[in-house]
There are 2 protein chains.
Amino acid sequence: MSRIEPLSADMFDADCGHRMPFRVGDKWSAMLLRCLEAGPRRFTELKVPLHRVSPKVLTETLRAMERDGWVSRTAYDENPPRVEYALTALGRALLDPMDHLCAWTRAHRAEILGVREEYAQGE
Amino acid sequence: MSRIEPLSADMFDADCGHRMPFRVGDKWSAMLLRCLEAGPRRFTELKVPLHRVSPKVLTETLRAMERDGWVSRTAYDENPPRVEYALTALGRALLDPMDHLCAWTRAHRAEILGVREEYAQGE
DNA sequence: AGTGCCGGTTACTTCAAGGGAACCGGCTGT
DNA sequence: ACAGCCGGTTCCCTTGAAGTAACCGGCACT
């Protein structure tokens, strides 16, 4: 058995790139990214597929994504008001790694569920 | 401007594969995956690079990953006790999409931080 | 007899994300 | 005059993840 290198104490400092990308972890961002994939959407439109989200949380999430440059927000001076959210180039670039992750999930979902069931038996 | 398809109301049911993979979102799983990349590790060894994690949370996270089939836990009947955690084939397969995501983060970190600063100015 | 190591467990606390319900301004339509 | 639409905001509450501190059993070493 070969010797394995010891793990360094600062593998996971803030700038190391091993942490998951900012905010992919929160509950709605990834799904919002997917909602905006095909083109700009309005606030109310986004609530349809995300029908469990409250307006408060939707605003929060969109603001955070805007702050990180993933989406742009465009308000048109009309009545009734119209606001459109769209992916920026940066947000669009994130779709590619996201797709990989989604593909992994689809490919292994059944396997994971099986393991879980086994594990539950052994308790 | 071309017409964009409306978003369906059931885009994100539990089985759709658009949700982020199980538990990549929690605080430590992704980093643990990275710690185990080079080979099996012992409990105490894992605490070194993750020096901010408490034994309780480390146990919880490892158990959850075990439950989902990402890691295996092997206890040797020695003294002092020795326990080794290792990636399963499933866990190892997850490294690939993770790498894509990490690469994205490294590539765009500066850009995001720049956008954040701009955004902070405008407030 | 006391100390330390290993891999945890237990009980308690903290904290931020998320959820729910109500409300808002400005205009339109009836 | 009143209701409705849009894109929110505000206040309050719940929940669950995470953190903190103390402790455990079994053996070995001194």
Side-chain angles (χ1 to χ4, degrees), chain A residues 6-7 12 14 19-33 35-36 40-68 70-86 119 122-123, chain B residues 6-7 12 14 19-33 35-36 40-68 70-86 119 122-123:
Chain A
L7 297 165
F12 300 106
R19 288 178 184 283
M20 291 305 283
F22 318 63
R23 138 166 1 276
V24 167
D26 77 359
K27 187 164 180 179
W28 300 103
S29 293
M31 285 188 269
L32 270 172
L33 222 60
C35 287
L36 295 172
R41 299 290 179 182
R42 302 176 60 172
F43 191 87
T44 314
E45 256 180 308
L46 293 170
K47 287 171 72 176
V48 175
L50 307 176
H51 56 284
R52 312 274 302 170
V53 77
S54 67
K56 176 200 145 211
V57 172
L58 183 54
T59 306
E60 281 174 4
T61 308
L62 286 167
R63 288 279 192 282
M65 294 172 78
E66 196 192 348
R67 185 182 62 114
D68 286 354
W70 296 12
V71 305
S72 63
R73 178 181 183 279
T74 312
Y76 298 90
D77 196 8
E78 302 176 356
N79 223 281
R82 184 164 64 98
V83 177
E84 275 190 353
Y85 294 92
Y119 190 95
E123 291 200 314
Chain B
L7 296 166
F12 300 107
R19 288 179 184 282
M20 292 304 283
F22 317 65
R23 138 168 355 280
V24 167
D26 77 359
K27 187 164 180 181
W28 300 103
S29 294
M31 286 189 268
L32 269 172
L33 221 62
C35 286
L36 295 171
R41 299 293 178 181
R42 303 177 58 173
F43 190 86
T44 314
E45 257 180 309
L46 293 169
K47 287 171 72 176
V48 175
L50 307 175
H51 58 283
R52 312 272 303 171
V53 78
S54 68
K56 176 200 145 212
V57 173
L58 183 53
T59 305
E60 281 174 4
T61 309
L62 285 167
R63 289 276 193 282
M65 293 172 78
E66 197 193 346
R67 185 182 62 114
D68 285 355
W70 297 12
V71 303
S72 63
R73 178 182 183 277
T74 312
Y76 297 90
D77 196 7
E78 301 175 359
N79 222 280
R82 184 162 65 97
V83 177
E84 277 191 354
Y85 294 92
Y119 190 95
E123 290 198 317

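The figures that follow rest on heavy atoms only: side chains count, while hydrogens, waters and symmetry mates do not. First the proteins, then the strands, lettered A, B, ... as listed; each starts at 1.
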Rounded to the Å, how far apart are B:Glu78 CD and C:dG7 P?
10 Å
What is the distance from CZ of B:Arg42 to C1' of C:dG8, rounded to the nearest Å?
13 Å
Considering residues at least two apart in sequence or located in another chain, which fulfil the side-chain contact (heavy atoms from CB on, under 4.5 Å) criterion with B:Thr44?
none
Whether each nucleotide of nucleotides 17-27 of chain D has a protein heavy atom under 4.0 Å at its base (B), only at its sugar-phosphate (S) or at neither (-) is summarised, 5' to 3', as -BBB------B
List for me each residue that meets side-chain contact (heavy atoms from CB on, under 4.5 Å) alongside B:Pro6, sequence neighbours excluded, and say none if there are none.
none
Decide yes or no on side chain to side chain contact (heavy atoms under 4.5 Å, CB included) for B:Leu62 and B:Leu46, but give the supporting numbers first.
CA-CA 10 Å; B:Leu62 285 167; B:Leu46 293 169; 4.1 Å; yes
Using a 4.0 Å heavy-atom cut-off across all strands, classify A:Tyr76 as base, sugar-phosphate, or nothing.
nothing
d(NZ, A:Lys47; C1', D:dC5) in whole Å:
12 Å
Specify the closest pair of heavy atoms between A:Val53 and A:Leu58, including all atoms of both residues, with the distance to one decimal.
CG2-N, 3.8 Å
With sequence neighbours left out, write down each residue that passes side-chain contact (heavy atoms from CB on, under 4.5 Å) with A:Pro81, or none if nothing qualifies.
A:Asn79
Measure the distance from CZ on B:Arg82 to C1' on C:dG8 and round it to the nearest whole Å.
17 Å
Can you name the salt bridge (Lys or Arg N to Asp or Glu O under 4.0 Å) partners of B:Arg82, sequence neighbours left out?
B:Glu78, B:Glu84
To the side chain of B:Arg63, which of C:dG7, C:dG8, D:dG8 is closest?
C:dG8
Rounded to whole Å, the CE-P distance (A:Met31 to C:dG18) equals 10 Å
C:dG8, OP1 or OP2 - any side-chain N/O from B:Thr59 closer than 4.0 Å?
no
B:Arg73 CZ to C:dC6 C1', in whole Å, measures 12 Å
When rounded to whole Å, the CG to P distance for the pair A:Leu58 and D:dT10 reads 16 Å
side-chain contact (heavy atoms from CB on, under 4.5 Å) with B:Arg63: which residues, sequence neighbours excluded?
A:Tyr119, B:Thr59, B:Glu66, B:Arg73, B:Tyr85
Output the rounded distance in Å from CZ (B:Arg41) to C1' (C:dC6).
17 Å
